[in-house]
Q: 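Here it is, the structure, as structure tokens.
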Amino acid sequence: MASQQQQPGVSMSQAGLQQSASLQQQQQQQLSQQQDFDPVHRFKMLIPQLKESLQNLMKIASLNLAHNTSIDNGIKSSDTTVQRFDKSLEEFYALCDQLELCLRLAYECLSQSIDSAKHSPNLVPTATKPDTVQTESMSYAQYLCMIKSQISCAKDIHNALLECSKKIAGKGQPQGIM
């Protein structure tokens, strides 16, 4: 009976360890997924790959150049195989394209962040955390006023676009039969 009582205790601690290990794995997976979406982190991860790809490209280019020089000088025949330069060049260009996309995405995120800070520079204090009211935060009445002005601006833009589309549609119709 004593051995049966000890085993559940051991299995309980093992279950606790397994749960904490699985929880850590889930947190690591979530962190890695978040980092995959972060363009700056993705850029930092691609730089070593780009360096390696460039080194490989230069190595293959030098080997191909040496091989072709020896063939031109009549030292070797063209039967030996060399690595393909075009494949390594394509890999290098693909990494460059990925880096360019990461930089464009990071620029767009920064641009949106700047626009957001420009059009809504202050925070509105939440009711759940009244202790953490910041001095830079705006009151709810100020927030409502700002939102009303943004809605008004959006309506003005909508009306201007409608008028423009009506004018364009009016010009596209035939004015009469000749």
Side-chain angles (χ1 to χ4, degrees), residues 12 15-58 61 85-178:
M12 293 287 275
L17 290 175
Q18 288 175 349
Q19 287 177 346
S20 66
S22 66
L23 181 63
Q24 288 176 350
Q25 286 177 343
Q26 289 174 352
Q27 290 173 347
Q28 289 175 351
Q29 288 173 351
Q30 289 174 350
L31 181 64
S32 68
Q33 287 173 353
Q34 289 173 351
Q35 289 174 345
D36 286 343
F37 292 120
D38 182 20
V40 175
H41 178 48
R42 179 103 170 107
F43 179 83
K44 288 178 182 178
M45 288 178 52
L46 286 174
I47 290 295
Q49 292 177 11
L50 183 70
K51 287 180 181 178
E52 183 181 325
S53 177
L54 182 60
Q55 289 173 349
N56 187 34
L57 179 68
M58 292 297 135
F85 178 75
D86 58 341
K87 295 288 184 185
S88 59
L89 186 63
E90 285 296 321
E91 177 187 340
F92 178 75
Y93 280 147
L95 285 170
C96 287
D97 289 343
Q98 288 179 23
L99 286 170
E100 181 183 4
L101 289 174
C102 287
L103 289 175
R104 284 185 183 181
L105 182 59
Y107 177 77
E108 288 296 321
C109 289
L110 178 65
S111 175
Q112 285 183 359
S113 176
I114 290 170
D115 288 344
S116 176
K118 179 181 172 184
H119 296 293
S120 180
N122 300 326
L123 301 173
V124 177
T126 60
T128 58
K129 297 181 182 178
D131 302 344
T132 60
V133 175
Q134 297 175 347
T135 57
E136 299 175 2
S137 64
M138 63 172 60
S139 68
Y140 189 69
Q142 291 171 328
Y143 178 74
L144 284 177
C145 183
M146 183 184 67
I147 295 299
K148 287 178 183 178
S149 69
Q150 289 178 348
I151 290 172
S152 172
C153 182
K155 284 182 182 178
D156 291 344
I157 291 171
H158 181 261
N159 290 338
L161 288 173
L162 280 176
E163 288 178 23
C164 184
S165 67
K166 287 178 183 177
K167 287 180 183 178
I168 290 173
K171 289 183 180 179
Q173 295 175 353
Q175 295 188 0
I177 300 175
M178 296 184 134

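From a predicted model like this one, the values you see are computed outputs, not experimental measurements.
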Q: CG of Leu50 to CG of Leu57: how many Å apart, nearest 0.5 Å?
A: 10.0 Å
Q: Supply the atom-to-atom distance Leu110 CG to Asp115 CG, rounded to the nearest 0.5 angstrom.
A: 9.5 Å
Q: Go through the steps to decide whether Asp38 and Phe43 satisfy the test side chain to side chain contact (heavy atoms under 4.5 Å, CB included), and finish with yes or no.
A: CA-CA 9 Å; Asp38 182 20; Phe43 179 83; over 6 Å; no
Q: Considering non-hydrogen atoms only, spot the tightest contact between Ser53 and Phe92 and give its length.
A: OG-CA, 3.4 Å
Q: What verdict does the side chain to side chain contact (heavy atoms under 4.5 Å, CB included) test give for Gln98 and Leu95, after you've listed the backbone C-alpha separation in whole Å, the side-chain angles of each residue and the deciding distance to 0.1 Å?
A: CA-CA 5 Å; Gln98 288 179 23; Leu95 285 170; 4.2 Å; yes
Q: Taking CZ in Phe85 as the centre, count heavy atoms belonging to other residues, nucleotides or ligands within less than 6.0 Å. Is the count above 12?
A: yes
Q: Taking the side chain as C-beta and beyond, is there a heavy-atom pair between Pro39 and Leu103 under 4.5 Å?
A: no
Q: Rounded to the nearest 0.5 Å, what's the gap from CD on Glu90 to CG on Asp86? Could you check?
A: 7.0 Å
Q: Looking at Arg104 and Glu108, is there a salt bridge between them, counting it only when a charged N and a carboxylate O are closer than 4.0 Å?
A: no
Q: OG/Ser149 to CE/Met146 distance, rounded to the nearest 0.5 angstrom?
A: 7.0 Å
Q: Is there side-chain contact between Ile147 and Ile151, with at least one heavy-atom pair below 4.5 Å?
A: yes
Q: Please report the C-alpha distance between Met45 and His41 in whole Å, then the side-chain angles of each, then the deciding distance to 0.1 Å, and finally whether the side chain to side chain contact (heavy atoms under 4.5 Å, CB included) criterion is met.
A: CA-CA 6 Å; Met45 288 178 52; His41 178 48; 3.3 Å; yes
Q: For the atom pair OG (Ser88) and CD (Gln55), what is the distance rounded to the nearest 0.5 Å?
A: 13.0 Å
Q: So Met58 and Leu54, do their side chains get closer than 4.5 Å, heavy atoms only?
A: yes
Q: State the CD-CD distance between Glu91 and Gln49, to the nearest 0.5 angstrom.
A: 8.5 Å
Q: Got more than 12 heavy atoms from elsewhere within 6.0 Å of CD, Glu52?
A: no
